[in-house]
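Here the structure comes first, spelled out in structure tokens, and everything after it is commentary.
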Amino acid sequence: MNIFENHLSEIKKLIISEKKSLKLNYVNDFRGVNLEVPPEQFNFDLSCNISMVLAKKNKIDPKNLAIRLKDIFLNKIENFSEIDIAGPGFLNIKLSKSALINNIHSILKDKTYGSTKSNETYNIEFVSANPTGPMHVGHCRGAIYGDVLSNLLRFNGNKVTKEYYINDYGSQIRNFIKSVHLRILEIKYKKKFPKNENLYPGLYIKDIAEKIIKENTKINFDDLEKNFEFLKRESLKFSMELIKKDLKLLGITHDNFFSETDIVNKDLVNKAVKILKERSFVEEGFLQPPKGESSANWKKIKRLIFKSTLFGDDTDRALQKNDGSWTYFANDVAYHMDKVNRNYKNLINILGADHTGYVKRITAAVSALSENKIKLNCKVCQLVKLYKDGAPFKMSKRAGEFISAQDLLNEVEKDQIRFMMLNRSNDVELDFDFDKVKEKTKDNPVFYVQYAYARINSLLRTLNLSLLKEISISEKYINFNALEERIVRKVFEWPKIIESASRKFDLHKIPFYLYELSTLFHAYWSKGNDDRNYKFIEKEQIKRKEILLVINLVALVIQNGMSILGVSLPKKM
RNA sequence: GCGCCUGUAGCUCAACUGGAUAGAGCGCUUGGCUACGGACCAGGAGGUUCUGGGUUCAAAUCCUAGCAGGCGCACCA
């Protein structure tokens with residue numbers, strides 16, 4: 001149910017059938033024609049730019065055309081009761097009462113009101129934090145973004161796989177296992193844990209070491225190399241548990257975990273390279289020396305190179321290290337070949353700002369692997385800056401250098417974190433203020449939206465009614481006041497918000513919208529304090545039927561919106 | 001040097017993807033609310049949309065040349 005779509009198609013039909021009487025030559029192309037929400041001060045339901053668009057194509061004056069369109073709309077479209085021409089030729093339209101009521105009834109019947117009703121397959125890779133330690137705050141933003149994007153796409157009717165790529169291979173993991181091993185020695189023999197940049201000093205490593213000792217009392221771990229594979233398996237098990245625990249506390253679960261070690265073991269890189277060689281996208285060659293950095297250790301070595309510049313990258317990328325083994329990127333290419341082979345129509349990667357430079361090459365790889373049939377869409381989340389008591393908040397006792405997700409979760413609830421992290425475009429840095437997020441006031445948008453919903457439920461409790469029972473009220477008995485009209489129009493806007501949030505994955509539009517809707521509702525609610533005529537209840541009875549329609553509409557949209565955001569909606573606060 | 005992101009009210013950010021008089025919150029300021037459920041509501045002040053040029057009925061938005069900030073830039077992961 002999208003009233004703008006419905007009424008726009010009415011308009012288009014009419015224009016085509018009235019082409020002659022309107023004296024228009026070109027009416028076949030409606031690109032750019034929109035039906036929109038007019039700015040509030042105009043007090044209309046719909047706004048259409050059609051006369052500007054058609055005037056341009058037909059090379060005539062838009063205002064003149066608008067006058068003719070106004071007449072013909074009013075004559076032929078029963079759903080329109082009043083039209084005003086504004087600005088350069090906008091047609092501002094008021095819906096007839098019956099159209100308005102019909103729209104409202106259709107919305108209340110539509111459980112997934114706002115859904116774009118699409119049906120595609122998506123794979124979304126997100127978080128993919130290194131399993132060398134717990135999640136830090138930076139990961140949280142991407143984690144929530146990915147989770148909510150999945151919710152949104154599912155709400156729209158798509159099939160979504162949420163995937164986590166475990167980087168359980170390479171030198172970082174080696175250093176991680178080494179660190180665990182040294183902590184084991186420390187616990188067993190009081191051997192001091194050395195200071196070394198490549199090791200992981202965080203205290204969680206100690207926890208993992210202790211667990212391993214406790215669960216494997218019969219094994220002697222003194223020799224690292226002998227026990228390496230065992231230690232790796234055990235350590236990764238515990239560190240992934242840490243990560244999954246944090247994710248769960250944030251309300252996030254993945255459908256699929258994909259291991260880099262598996263890629264190596266299954267020799268997927270050779271398969272991917274073979275395909276790319278056949279298509280001449282991979283060749284032997286030499287890398288350019290690095291430009292911005294010191295090139296003291298630079299060696300000119302012949303190696304396999306992926307020609308990503310063919311797909312818009314800035315430079316070609318190495319698939320082999322100096323010693324001839326595969327690079328991290330090569331493994332990732334193989335991983336994405338696997339995704340392509342799993343026949344998803346759309347691939348999405350959610351990345352942190354520090355991986356911006358990686359976007360072009362991996363997008364190029366997917367284009368090359370899928371012969372341009374699949375486009376990988378990479379979304380980058382900018383940094384999160386934490387504030388507490390008005391000052392930047394740093395350090396974590398347990399995680400070592402980062403602020404961990406745990407630090408955050410210790411202070412703030414999941415609902416708050418989720419809403420606040422989504423309340424900014426992913427393209428801008430985010431200031432996360434510990435103090436503000438805990439407030440129970442208007443300054444805290446999460447609370448403000450939840451409170452609107454709680455108020456509705458309180459009202460229903462008083463009236464002994466429940467939400468979204470089939471409501472059908474004859475239009476004779478309906479007469480909205482100005483505040484109610486504003487809310488109804490805002491509710492009409494909801495599918496447009498979903499549509500534009502879905503188009504470029506601009507998730508912040510959802511919390512912004514919910515906040516605005518809540519503002520209108522709180523104003524409506526409070527009006528009863530100034531003016532007795534606006535009271536909702538009199539003698540334990542609802543005063544006007546319109547109130548029931550309005551609160552059901554608001555509740556429906558808040559429910560749909562918050563469930564996409566994954567934020568809870570208490571009935572009492 | 002190169003790439004990506006950002007630049008809008010004192011501060012933090014929106015702006016339906018090219019639309020109308022550029023909007024919210026905080027802060028500042030004036031008033032209301034001793035309860036349908038308190039943590040709210042109503043009003044006011046506050047703008048050369050970083051700068052210059054271009055595209056058109058229309059530019060914060062697109063193009064172009066700059067300026068400023070953030071992230072990144074062999075190999076490593």
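Chain identifiers are assigned alphabetically (A, B, ...) following the order of the sequence lines, protein sequences preceding nucleic acid strands; residue numbering begins at 1 within each chain.
- Residue-to-nucleotide proximity on RNA chain B shows that, of L459(A) and Q288(A), the 5′-proximal contact is made by L459(A).
- Remark: ring of F90(A) stacked against base of A20(B); centroid gap under 5.5 Å, plane tilt under 30°.
- We find that E125(A) and K339(A) are joined by a salt bridge, their nearest charged nitrogen and carboxylate oxygen being less than 4.0 Å apart.
- Sequence order on RNA chain B of the closest nucleotides to R424(A) and I537(A) puts R424(A) first from the 5' end.
- The base of A35(B) has none of its N or O atoms less than 3.5 Å from a complementary donor or acceptor on the side chain of N529(A).
- As a whole-Å value, the separation of Q382(A) CD from G7(B) P is 11 Å.
- Look at CD on E429(A): it is 8 Å from C1' on C71(B), rounded to the nearest Å.
- The side chain of R455(A) contributes an N or O atom lying less than 4.0 Å from OP1 or OP2 of G38(B).
- The shortest non-hydrogen separation linking G528(A) to K535(A) is O-CE, 3.5 Å.
- The shortest distance between the side-chain N/O atoms of Y513(A) and the OP1/OP2 oxygens of A24(B) is not below 4.0 Å.
- For U17(B), the base adopts the syn conformation, since its glycosidic angle falls within 90 degrees of zero.
- By the 4.0 Å N-to-carboxylate-O rule, E485(A) lies close enough to R489(A) to be salt-bridged with it.
- As rounded to the nearest Å, A9(B) and G54(B) have C1' atoms that lie 28 Å from one another.
- When rounded to the nearest whole Å, the span between CD of Q450(A) and P of C40(B) equals 13 Å.
- I173(A) has its CD1 atom 15 Å from the P atom of C76(B), to the nearest Å.
- Counted by atom type alone, N481(A) and Y534(A) present zero donor-acceptor pairs between their side chains at under 3.5 Å.
- Under 3.5 Å, the side chain of Y169(A) and the base of A77(B) form no donor-acceptor pair of N or O atoms.
- Side-chain atoms of S526(A) stay outside donor-acceptor range of the base of A42(B), with no qualifying N/O pair under 3.5 Å.
- When heavy atoms are screened at a 4.0 angstrom cut-off, K360(A) is found touching the sugar-phosphate backbone but no base atom.
- Of the charged side-chain nitrogens involved, at least one lies within less than 4.0 Å of a carboxylate oxygen, so that E493(A) and K490(A) count as a salt-bridged pair.
- The residue L383(A) sits close only to the backbone: its heavy atoms come under 4.0 Å of sugar-phosphate atoms, none of a base.
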